[in-house]
Amino acid sequence: MDAHLKDRLIDIRRQIHAQPELGYEEEHTSSLVKQELDLLGIDYISNIAGTGVIASLTRGNGPCVAIRADMDALPMQEETGLPFASKVSGKMHACGHDLHTTMLIGAAALLKQTDFQGTIKLLFQPSEEGPSTDPEKKSGARRFVEAGHLDDVQAALGLHVDPSLPVGQISYAIGPALACTGFFTIEVKGKAAHAGASPQLGIDAVVIASQLVQAAQTIVSRHTPPMETAVLSFTKINGGVAPNVIADRVVLEGTIRALNLDVYEEVIGRLQKLGEGLGLIHQTDVIFDLYFSIPSVLNNGDVHGKLQRSLNGVFGQQNALEKIPLLAGEDFCYYSRKVPSMFYLLGAQDPLSPGYYLHHPKVIFNEQCIPLGASFLAQGAVELLEGFR
């Protein structure tokens with residue numbers, strides 16, 4: 001990649017970073033993507049799943065592959081102090097999707113000047129971080145797949161920046177690579193009463209909630225096979241109105257993670273039954289709501305094998321590292337369960353941001369990863385076309 005394109009991409013990234021937008025609200029980002037595609041003379045369709053854009057490059061006859069970037073930010077206040085930090089209060093690109101979008105624009109620019117046979121789709125996807133405002137609680141990738149935009153695709157390729165990995169390295173896992181992920185709420189309904197004079201007249205939602213949290217710890221420790229990976233975490237609890245009033249309502253929130261889909265569904269089922277049982281014992285309602293749920297990302301070894309020339313050319317054989325799966329969620333899972341796919345973690349470590357990881361208000365990503373990511377997406381797409389011919 002020449003210096004002019006690299007500088008241009010860094011400028012684009014900083015524009016996106018300064019104007020973060022949440023899922024299905026990526027109007028500014030989508031407009032910028034379309035502007036860059038227009039300058040490159042690349043055809044696209046827009047307003048996909050609301051703010052999504054899908055560009056296509058076709059040369060002759062051949063298979064079709066897809067490369068993807070997500071565009072949404074997170075609802076958090078940036079604390080990096082960067083000169084191009086978020087100008088939008090309470091919103092930040094703390095997961096690096098601004099870099100992903102920029103890399104895909106860079107890949108488009110490189111592919112425009114590349115010979116190949118077939119079709120490459122560039123998926124600029126909204127709302128990876130969750131369903132956001134979607135009335136059916138569906139993320140952007142799920143919307144893309146259900147609308148048929150991968151029906152003609154033979155393979156898909158994606159990546160995610162990793163601020164714990166040095167620039168110049170890339171990592172991966174084969175098989176289940178990122179976790180099945182669920183977010184839940186549990187509402188415990190109680191009955192208010194005087195906490196000192198007549199507690200027997202109430203139903204104590206705090207006691208029930210505490211019993212639930214404690215009992216739920218055995219779901220993983222005693223009901224999940226020890227060689228399987230699963231996590232059940234309660235992360236938020238709210239309830240009560242005064243120190244002398246029995247709480248009539250407590251709401252718990254948390255997350256469930258597992259690599260194996262069957263294990264994941266078993267954890268969900270046991271948590272739901274636990275709530276139902278406590279409700280029966282205390283003669284009240286315990287309402288479980290799994291309001292967001294996605295399966296694990298499945299990385300395909302054959303697709304990885306077809307990408308060796310690109311990995312070695314961009315990073316060098318010694319810098320493509322096979323690692324253990326990561327219990328983070330990614331809606332790239334919907335692509336990986338539709339077509340053979342690979343999803344990689346791209347080194348983006350910055351010395352100014354020691355120890356800060358994804359979703360941290362002080363995380364800083366090293367922009368030197370942009371040309372590497374763009375080059376790998378472009379070269380990888382062409383190599384997949386050759387591999388699936």
Side-chain angles (χ1 to χ4, degrees), residues 23 68 70 72 74 95 97 125-132 134 136-146 150 156-160 162 171-186 212-213 216-236 252-275 288-301 303-304 322-345 357-359:
R68 172 268 203 166
D70 36 15
D72 55 326
L74 287 160
C95 207
H97 296 183
Q125 177 210 307
S127 195
E128 186 278 327
E129 293 292 349
S132 188
D134 187 88
E136 297 182 88
K137 300 181 180 180
K138 295 178 180 180
S139 71
R142 186 173 177 183
R143 286 288 183 194
F144 272 29
V145 170
E146 290 183 354
L150 274 80
L157 171 63
L159 54 76
H160 198 297
D162 184 343
S171 70
Y172 64 93
I174 300 299
L178 293 167
C180 303
T181 299
F183 300 144
F184 65 84
T185 63
I186 300 175
L212 194 154
V213 171
Q217 304 311 306
T218 65
I219 293 176
V220 172
S221 67
R222 290 296 176 268
H223 297 287
T224 300
M227 299 306 292
E228 294 286 354
T229 300
V231 174
L232 169 57
S233 294
F234 290 89
T235 57
K236 190 175 179 181
L252 302 162
E253 295 186 43
T255 187
I256 301 167
R257 309 290 169 108
L259 293 173
N260 183 300
L261 185 57
D262 290 337
V263 170
Y264 173 70
E265 292 175 345
E266 176 73 11
V267 173
I268 293 169
R270 286 189 176 275
L271 183 58
Q272 188 169 10
K273 289 177 181 177
L274 178 59
F288 176 82
D289 179 21
L290 186 72
Y291 65 88
F292 177 68
S293 181
I294 59 174
S296 54
V297 171
L298 299 178
N299 273 347
N300 184 285
V303 173
H304 175 67
E322 184 170 6
K323 295 192 173 184
I324 62 173
L326 181 66
L327 289 186
E330 231 306 335
D331 82 339
F332 190 85
C333 60
Y334 291 108
Y335 304 128
S336 75
R337 289 169 179 269
K338 175 69 175 179
V339 299
S341 303
M342 275 299 298
F343 191 78
Y344 295 89
L345 298 180
Y357 195 60
L358 302 171
H359 293 215

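Sequence positions, counted from 1, serve as the residue numbers for this chain. Only a predicted model underlies this, so the values are computations on that prediction, with no experimental measurement involved. All values below come from the heavy atoms of this structure, side chains included, with hydrogens, waters and symmetry mates left out.
- For Thr224, the side-chain contact (heavy atoms from CB on, under 4.5 Å) criterion is met by Val220, Glu228, Ala230, Val263, Val267, not counting sequence neighbours.
- Looking at residues two or more places apart in sequence or on another chain, you find a ring pair (Phe, Tyr, Trp, His ring centres under 6.0 Å) between Phe234 and Phe184.
- The two residues Ala216 and Leu232 have their closest heavy-atom pair at O-CD2, 3.6 Å.
- Rounding to the nearest 0.5 angstrom, the gap separating the OG atom in Ser296 from the CG atom in Leu326 is 12.5 Å.
- No side-chain heavy atom of Phe292 sits under 4.5 Å from any side-chain heavy atom of Ser132.
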**Report entry** Full working for side-chain contact (heavy atoms from CB on, under 4.5 Å) between Met342 and Ile174
**Finding:** CA-CA 8 Å; Met342 275 299 298; Ile174 300 299; 4.0 Å; yes

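- Considering CG of Leu298 and OG of Ser336, their distance stands at 4.5 Å, rounded to 0.5 Å.
- Phe332 meets the ring pair (Phe, Tyr, Trp, His ring centres under 6.0 Å) test with Tyr335, Phe343; sequence neighbours excluded.
- Every residue meeting the side-chain contact (heavy atoms from CB on, under 4.5 Å) condition with Lys323, not counting sequence neighbours, appears here in chain and number order: Leu165, Ser171, Leu321.
- Partners of Asn300 according to the side-chain contact (heavy atoms from CB on, under 4.5 Å) rule, which considers only residues two or more places apart in sequence or in another chain, are Asp302, Val303, Pro340.
- For Asn299, there are no side-chain hydrogen bond (donor to acceptor under 3.5 Å, both in side chains) partners two or more places apart in sequence or in a different chain.
- Applying the side-chain contact (heavy atoms from CB on, under 4.5 Å) rule to Pro295 yields the partners Leu261, Cys333, Tyr334, Arg337; only residues at least two apart in sequence or on another chain are considered.
- Asp331 contributes atom CG, which lies 9.0 Å from atom CD of Glu129 (distance to the nearest 0.5 angstrom).
- Scored by the side-chain hydrogen bond (donor to acceptor under 3.5 Å, both in side chains) test, Glu146 finds Lys138, Arg142 as partners (sequence neighbours excluded).
- Contacts of Asp134 classified as side-chain hydrogen bond (donor to acceptor under 3.5 Å, both in side chains), with partners at least two apart in sequence or in another chain: Arg143.
- Taking every heavy atom of both residues into account, Leu212 and Gly275 meet most closely at CD1-CA, 4.1 Å.
- Annotation: ring pair (Phe, Tyr, Trp, His ring centres under 6.0 Å) contacts of Tyr264 (sequence neighbours excluded): none.
- In this structure, Ile268 CD1 and Ser293 OG are separated by 5.0 Å, a value rounded to the nearest 0.5 Å.
- The shortest distance between side-chain heavy atoms of His359 and Cys95 falls below 4.5 Å.
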**Report entry** Test side-chain contact (heavy atoms from CB on, under 4.5 Å) applied to Glu266 and Asn260, step by step
**Finding:** CA-CA 10 Å; Glu266 176 73 11; Asn260 183 300; over 6 Å; no

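- Glu322 meets the salt bridge (charged side-chain N to carboxylate O under 4.0 Å, His left out) test with no other residue; sequence neighbours excluded.
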**Report entry** side-chain contact (heavy atoms from CB on, under 4.5 Å) between Leu271 and Ile186, worked out
**Finding:** CA-CA 10 Å; Leu271 183 58; Ile186 300 175; 4.1 Å; yes

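- Atom NE2 of His97 is separated from atom NE2 of His160 by 4.0 Å, given to the nearest 0.5 angstrom.
- The nearest pair of heavy atoms linking Ser221 to Thr218 is OG-CA, 3.2 Å.
- Residues passing the side-chain hydrogen bond (donor to acceptor under 3.5 Å, both in side chains) test with Thr255, sequence neighbours excluded: Arg257.
- For the atom pair Leu345 CG and Leu358 CG, the distance stands at 8.5 Å (nearest 0.5 Å).
- Classification of the His304-Tyr344 ring pair by plane angle, with boundaries at 30° and 60°, yields tilted.
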